[in-house]
Student: 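Let me begin by handing over the structure; questions about it come next.
As a basis for the values below, the full set of heavy atoms in this structure was taken, side chains included, without hydrogen atoms, waters or symmetry mates. Numbers for residues simply follow the sequence, beginning at 1. Whatever order the structure lists them in is the order used to number ligands and atoms, beginning at 1. Small disclaimer: the values here were computed from a predicted structure and weren't measured.
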Amino acid sequence: MIRIGLGRDLHRLVPGRRFLLAGVELESDRGELGHSDGDVLAHAVIDAVLGAAGIGDIGALFPPSDPQWKDADSMELLTVAFGKVKEQGWHLSNLDCVVTCESPKLIPYRERIRAALAAALEVDSDAIFVKGKTAEGLGPIGEGAAVDAEAVCLLEKL
Ligand SMILES: [Zn+2]
């Protein structure tokens, strides 16, 4: 059996915060605002794997109203979420992601991001891909005020 999952997230970018993608810190004068560490890519991937397994979403599993998730490490949240997916007998076939922001450029960090996601999702890096796009200067993302991430995954159960 195979199941597809889709996740999407957006965070404001503000000075004084770290810019994290799958736990990898990118050099930037601003970073994601959020109750947790704001890791937009980790959050999109969590929703993709949970959605594919049909077992909820990030807001249900880690409510922002719960103080225990304040400044949480989102890659730890991904490990917890994927643990629940694995409990249902699923494993990841592949994951494909798009991150949209004006800066910084994702390319120099891509292999580290792939490796971090591969480790969390227990697959080889070649089962993970991440693309960086810009918004061509349009809208809040184009103005550098936000970053958006989308993730699509395939789960398999034997
Ligand atoms: Zn988020």
Student: Does the shortest distance from the Zn ion (ligand 1) to an N/O/S atom of Asp39 fall below 2.8 Å?
Tutor: no
Student: In His11, which N, O or S atom comes closest to the Zn ion (ligand 1)?
Tutor: NE2
Student: Side-chain contact, heavy-atom cut-off 4.5 Å: Val85 with Leu155?
Tutor: yes
Student: Taking all non-hydrogen atoms of both residues, which atom of Val99 and which atom of Leu41 are closest, and how far apart?
Tutor: CG2-CD1, 4.1 Å
Student: Checking Glu27 now: which residues fulfil side chain to side chain donor-acceptor pair (under 3.5 Å) with it, not counting sequence neighbours?
Tutor: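 Not a single residue meets the side chain to side chain donor-acceptor pair (under 3.5 Å) criterion with Glu27.
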Student: Have a look at Asp9 and say which of its N, O or S atoms is nearest the Zn ion (ligand 1).
Tutor: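 Asp9's closest N, O or S atom to the Zn ion (ligand 1) is named OD2.
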Student: State, without any angle test, whether His35 and Ser65 hold a side-chain donor-acceptor pair at a distance under 3.5 Å.
Tutor: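 There is no such pair (donor and acceptor under 3.5 Å, judged by atom type) between the side chains of His35 and Ser65.
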Student: Of all N, O or S atoms in His43, which has the smallest distance to the Zn ion (ligand 1)?
Tutor: ND1
